[in-house]
Amino acid sequence: SATDKLTPGDTRVKYETAQIRGKTYSYMLGEPEGQAKDTIVLVHGFPDIGFGWRCQIPYLMSLGLRVVVPDMLGYGGTDAPAEIEPYSLKSLSDDLAELARKFVGEDGQIILGGHDWGGAVVWRLPLWHPKLIKGVFSVCTPFPPPRSEYHDLKDVIALGILTNFKYQLQFRGPETEANIQGEEKLRQFFTCMFGGRTSDGEPAFDVSKGVLFDKLESLKPSPLLSKEELEYYVKKYAAHPAPELHGPLNWYRTAKLNFEEDRPLAETPTVLEMPSLLVTAEKDTALPPEMSRNMDKHFKDLTKKSVNASHWALTQAGPQVNEYIGEWIRSSVW
Ligand SMILES: O=C(NCCCc1ccccc1)N[C@H]1CC[C@H](OCc2c(F)cccc2F)CC1
């Protein structure tokens, strides 16, 4: 039906590009029947592409929304600069603000949604561009408050804190992009990250270990991706020169940059004034719901929901996620 999830190359959306602050961004554009009630921008995470929002796009169009879904910097049809600066949360926020204004003008507003690393971006963007954001939501990612002191992740983990982020020490290093090159390795990597297991039920990714590279070739297909969907991800990543993961992994190399850019925000209490929604995933091992326990003091109007799904909640609990977003738009945003 009209709200079935997008398929690879789906003609219900247009595929466009735009020059944004010196980079080429590629994005899907879904126009609703008749006059758009609002414009919503959806921001994906790692290792994903705009297609990760395939279960939400047709549904949001059916609410009368114009839906804009970029491949984020480093991904798919979007440029992948080699240096780290363009991947800071503030730089990415400035890119998205410019993309949004192409649709709503200098004084217009958007609804903004993010998943995973996209969730980290959407919680910072309104702090830099408050007038632009009519409502903001995140799936899985809690609000990370700006800090006044920098603690390297390695030191934090050595204290036994945030051990669910230990895989990020591997991702920010050279190993992952060195080991995952070419279509076959990319295929194994997506199968691994999207919950694929070996024939004796072993995963090849664990948040407290990272990717177990020697297990990659014995993984069975992930139940979360069809063969066609998996091939679409592989082709999109293979469009970048090896190491294809360098751009995507640069998002893990921005912690110090983000801290420096956050400094002015950390001087005063940060409160987001616009309607906000957090949807947590009960089985997300990297971003468990309890990470959101101290969020409320940073929001004037926060709605919190949870779904019984893994990190890949957008597809695994698509209808429930859509119902929560739709209900929040109707009751809090409109
Ligand atoms: O690494 C991520 N996703 C890949 C793993 C996906 C997966 C999980 C579980 C099973 C299979 C696959 N996501 C990041 C998203 C940003 C999060 O940091 C938010 C943040 C800031 F941005 C700034 C300050 C503090 C702070 F916490 C950290 C996890």
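Under the salt bridge (Lys or Arg N to Asp or Glu O under 4.0 Å) criterion, Arg330 pairs with no residue at all, not counting sequence neighbours. Residues passing the salt bridge (Lys or Arg N to Asp or Glu O under 4.0 Å) test with Glu231 are Arg187, sequence neighbours excluded. Remark: Arg12 engages Asp10 in a salt bridge (Lys or Arg N to Asp or Glu O under 4.0 Å) (not counting sequence neighbours). The side chain to side chain donor-acceptor pair (under 3.5 Å) search around Arg66 returns Glu31, Thr39, not counting sequence neighbours. For Glu202, the salt bridge (Lys or Arg N to Asp or Glu O under 4.0 Å) partners at least two apart in sequence or on another chain are Lys215.
Contact check for Ile133 versus Ile111: no side-chain heavy atoms found under the 4.5 Å cut-off. Contact of the Pro248 side chain with the Pro47 side chain is not registered, since no non-hydrogen atoms from C-beta on lie closer than 4.5 Å. Pro126 is not listed as a side-chain neighbour of Lys131, based on a closest heavy-atom distance of 4.5 Å or more. Residues Met274 and Val333 form no side-chain contact, since every pair of their non-hydrogen atoms from C-beta on lies 4.5 Å or further apart. Counting only heavy atoms from C-beta outward, the side chains of Asp95 and Tyr25 approach each other to under 4.5 Å. Between Leu162 and Met291 the shortest side-chain heavy-atom distance falls below 4.5 Å. The closest side-chain heavy-atom distance from Val211 to Phe171 is below 4.5 Å. Residues Leu92 and Asp94 fail the side-chain proximity criterion, which asks for heavy atoms closer than 4.5 Å.
Hydrophobic clustering (ILVMFWY, side-chain heavy atoms < 4.5 Å, transitive): Leu212 and Met193 are in distinct clusters. One hydrophobic cluster holds both Leu99 and Leu127 under the rule that ILVMFWY side chains link at heavy-atom gaps under 4.5 Å. Val271 and Trp128 sit in two unconnected hydrophobic clusters of ILVMFWY residues. Membership requires side-chain heavy atoms under 4.5 Å apart, directly or through other members.
When Tyr167, Phe190, Phe189, Phe213 are each tested for a ring-ring contact (aromatic ring centres under 6.0 Å, His included) with Phe205, only one passes: Tyr167. The one candidate from His44, Lys236, Glu244 that meets the side chain to side chain contact (heavy atoms under 4.5 Å, CB included) condition with Tyr75 is His44.
In this structure, Phe259 and Tyr150 have tilted ring planes: the angle between them lies in the 30° to 60° band.
Closest of all the heavy-atom pairs between Ala80 and Gly247 is CB-CA, 4.5 Å. Summarising the geometry of Pro288 relative to Asn164, their closest heavy-atom pair is CD-ND2, 3.9 Å, with the distance given to 0.1 Å. The heavy-atom pair separating Thr315 from Gly52 by the smallest distance is CG2-O, 4.3 Å. Scanning both residues, Ser292 and Asp296, for their nearest heavy atoms gives O-OD1, 4.3 Å. Closest approach of Leu219 to Gln188, counting heavy atoms only: CD1-O, 3.9 Å.
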- Should Lys300 and Glu273 be marked as a salt bridge (charged side-chain N to carboxylate O under 4.0 Å, His left out) after you check the CA-CA gap, both sets of side-chain angles, and the distance that decides it? CA-CA 5 Å; Lys300 186 176 166 196; Glu273 306 275 328; 3.6 Å; yes
- Message: Glu98 vs Arg101, test: salt bridge (charged side-chain N to carboxylate O under 4.0 Å, His left out). Steps then yes/no.
- Response: CA-CA 5 Å; Glu98 186 165 308; Arg101 292 201 169 103; over 6 Å; no
- Item | Derivation and outcome, ring-ring contact (aromatic ring centres under 6.0 Å, His included), residues Trp312 and Phe194 | CA-CA 7 Å; Trp312 303 108; Phe194 282 79; 3.9 Å; yes
- Query: Step by step, would you call Leu29 with Val13 a side chain to side chain contact (heavy atoms under 4.5 Å, CB included)?
  - Reply: CA-CA 5 Å; Leu29 174 62; Val13 294; over 6 Å; no
- Message: Please evaluate residues Ser310 and Asp284 with respect to the criterion side chain to side chain contact (heavy atoms under 4.5 Å, CB included), reporting the C-alpha separation (whole Å), side-chain torsions for both, the decisive distance (0.1 Å), and the verdict.
- Response: CA-CA 5 Å; Ser310 76; Asp284 190 329; over 6 Å; no
- Take Ile110 and Leu132, measure what side chain to side chain contact (heavy atoms under 4.5 Å, CB included) needs, and give me the verdict at the end. CA-CA 6 Å; Ile110 60 166; Leu132 175 63; 4.2 Å; yes
- Task: Start with the C-alpha distance between Tyr27 and Thr17, add both sets of side-chain angles, then the distance that settles side chain to side chain contact (heavy atoms under 4.5 Å, CB included), and finish with yes or no.
- Result: CA-CA 6 Å; Tyr27 59 92; Thr17 62; 5.7 Å; no
- Message: Please determine whether salt bridge (charged side-chain N to carboxylate O under 4.0 Å, His left out) holds for the pair Glu229 and Lys5, giving the CA-CA distance in whole Å, both sets of side-chain angles, and the decisive distance to 0.1 Å.
- Response: CA-CA 11 Å; Glu229 290 167 341; Lys5 70 176 175 180; 2.9 Å; yes
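Judged purely by distance below 3.5 Å, without hydrogens or angles, the side chains of Arg21 and Ser91 pair a donor atom with an acceptor atom. Looking only at atom types and distance, the side chain of Gln181 has no donor-acceptor partner in the side chain of Glu177 under 3.5 Å away.
Contact check on Lys256 versus Asp152 returns no salt bridge, with no Lys/Arg side-chain nitrogen under 4.0 Å from an Asp/Glu carboxylate oxygen. A salt bridge links Glu183 with Lys235; the closest basic N to acidic carboxylate O contact falls under 4.0 Å.
For residues 114-126, every residue pair satisfying the side chain to side chain donor-acceptor pair (under 3.5 Å) rule, not counting sequence neighbours, is listed here: Asp116-His311, Trp117-Tyr252, Arg124-Asp262.
For NZ of Lys283, the number of neighbouring non-hydrogen atoms (other residues, nucleotides, ligands) closer than 6.0 Å is greater than 12.
One distance of note links OG1 of Thr191 with CG of Leu216; it measures 9.0 Å at 0.5 Å rounding. Rounded to the nearest 0.5 angstrom, Leu42 CG and Leu60 CG are separated by 6.0 Å. If you take CE on Met61 and OG1 on Thr3, they are separated by 11.0 Å, rounding to the nearest 0.5 Å.
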